[in-house]
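Take a look at the structure below.
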Amino acid sequence: MRVLEKNSPLLSLNTASLGHRSPISEVIERAARHGFGSIVPWRRDLEGCEVHAVARQINDAGLKVNGLCRSTYFPQETEQARRAALEDNKRALETAALLGADCYILVVGSLPAGSKDLAGARRQVKDGVAELMETARELRVPLALEPLHPMTAGDRSCLNTLGQALDWCEALDPHNSGGLGVAVDVYHLWWDEYLERDIARAGKQNRILGFHVSDWLVPTTDLVQDRGMMGDGVVDLRQIRRWVEAAGYAGPVEVEIFSKNNWWLQNEDDVLSTCIDRMTTVC
């Protein structure tokens, strides 16, 4: 495995790990000071900011942007709402391009309010992604499908395994144009008995655009916002990273922790110091 060291582009901070408490300008400064080499902003952290100015600060801090989080959900109750969501995603792609982001993360959504049509939700996602790919190609920002744990299938994501994500990639991008790939998030995928096989499959197709780390706590008190710090849970992080790198992935290792009752309440500098320590010792 590659050695993870401070101040390397291989160490990436997803800004959600700090709970969206501080302005993006402060997060950028802290990330660089603590030894991260890359950053993944959330769109909510950029609201009210001049994107060109944020891009300059990131560059001046010596950081790379390895992604932008995250997409507006594709499935919606009406055609008008679906079009609005798609246009919002197109605007986000423009932001990603201005930041120089390596990819745009797609958390795709699932059942609209009152619906039980899961197959229909998946059709809406595929149709939306297919159209969004045209803008992605123009802007040269690849789309990264991020499958989420099946616990989210009713609301946050109807895309729930890496194998399913790769099937969608093959259907939507059969010639493997480089515009559509996957993000491997250990929190959502660690449980899958076919994970090693599907990571190898993704590598053969050169589809892996991101690798996200946190940990699964036992017990978990909130299935969305109680992610563990790396090393505090039951995920074999090093094994999964071996699989990802054996598949050819050479990009950053990105820490992404949602922790409303723990890490989001702690001092931000302490959180970043702990992230760096765990990424360089247990990941």
Side-chain angles (χ1 to χ4, degrees), residues 1-18 22 24-42 45 54-69 96 99-105 141-142 144 146 181-187 189-190 199 202-203 206-215 227-233 235-259 263 266-283:
M1 290 194 303
R2 300 169 298 169
V3 176
L4 300 179
E5 298 178 328
K6 290 179 67 173
N7 303 309
S8 165
L10 297 180
L11 293 184
S12 177
L13 174 70
N14 185 295
T15 61
S17 301
L18 295 179
S22 295
I24 187 65
S25 59
E26 294 181 16
V27 174
I28 293 166
E29 186 275 328
R30 283 195 176 103
R33 175 158 47 84
H34 281 274
F36 286 91
S38 298
I39 194 168
V40 177
W42 273 59
D45 295 327
V54 174
R56 283 195 301 271
Q57 185 187 4
I58 292 172
N59 183 69
D60 291 345
L63 299 174
K64 306 293 185 182
V65 181
N66 62 286
L68 177 68
C69 279
L99 292 171
D102 291 339
C103 65
Y104 178 45
I105 301 293
V141 179
E146 182 175 1
V182 297
V184 177
D185 188 320
V186 299
Y187 184 78
L189 300 176
W190 71 277
I199 286 173
N206 197 29
R207 298 277 192 188
I208 304 176
L209 299 176
F211 177 55
H212 307 170
V213 296
S214 57
D215 217 330
R227 295 192 187 195
M229 180 65 67
M230 294 77 69
D232 289 349
V235 179
D236 192 342
L237 295 165
R238 287 184 175 175
Q239 180 63 276
I240 296 176
R241 186 158 78 90
R242 288 190 188 98
W243 294 341
V244 169
E245 293 184 359
Y249 177 72
V253 176
E254 174 189 332
V255 57
E256 184 182 39
I257 297 176
F258 301 161
S259 179
W263 295 103
Q266 297 193 31
N267 177 275
E268 293 180 346
D269 287 310
D270 291 343
V271 174
L272 294 177
S273 293
T274 304
C275 286
I276 290 287
D277 175 67
R278 299 297 181 85
M279 294 175 82
T280 56
T281 58
V282 304
C283 288

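- Across all their heavy atoms, P142 and D102 have their closest contact at CD-O, 3.2 Å.
- Atoms CD1 and CH2, from I199 and W243 in turn, are 6.5 Å apart once rounded to the nearest 0.5 Å.
- Defined by atom type and a distance below 3.5 Å, a donor-acceptor pair is missing between the side-chain atoms of D215 and W190.
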What side-chain donor-acceptor pairs closer than 3.5 Å can you find for residues 55-62, not counting sequence neighbours?
from	atom 1	to	atom 2	distance (Å)
Q57	NE2	S25	O	2.9

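- Partners of E29 by side chain to side chain contact (heavy atoms under 4.5 Å, CB included), not counting sequence neighbours, listed by chain and number: R33.
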query = Under the salt bridge (Lys or Arg N to Asp or Glu O under 4.0 Å) criterion, do R278 and D232 qualify, and how do the steps go?
reply = CA-CA 10 Å; R278 299 297 181 85; D232 289 349; 2.9 Å; yes

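- Residue Y104 holds its OH atom at 14.5 Å from CG of L209, rounded to the nearest 0.5 Å.
- Nearest heavy atoms, S12 versus M279: O-CE, 3.9 Å.
- With sequence neighbours excluded, no residue satisfies salt bridge (Lys or Arg N to Asp or Glu O under 4.0 Å) with E146.
- Between M230 and C283, the closest heavy-atom pair is CG-SG, 3.5 Å.
- Y249 is linked by a ring pair (Phe, Tyr, Trp, His ring centres under 6.0 Å) to nothing, counting only residues two or more places apart in sequence or in another chain.
- Listed by first and then second residue, the salt bridge (charged side-chain N to carboxylate O under 4.0 Å, His left out) pairs that reach into residues 239-254 are R2-E245, R241-E245, sequence neighbours excluded.
- Between S17 and I257, the closest heavy-atom pair is OG-N, 3.1 Å.
- For the side chain to side chain contact (heavy atoms under 4.5 Å, CB included) test, residues two or more places apart in sequence or in another chain that qualify with S8 are L10.
- Within a 6.0 Å sphere centred on CG of D269, other residues, nucleotides and ligands contribute more than 12 heavy atoms.
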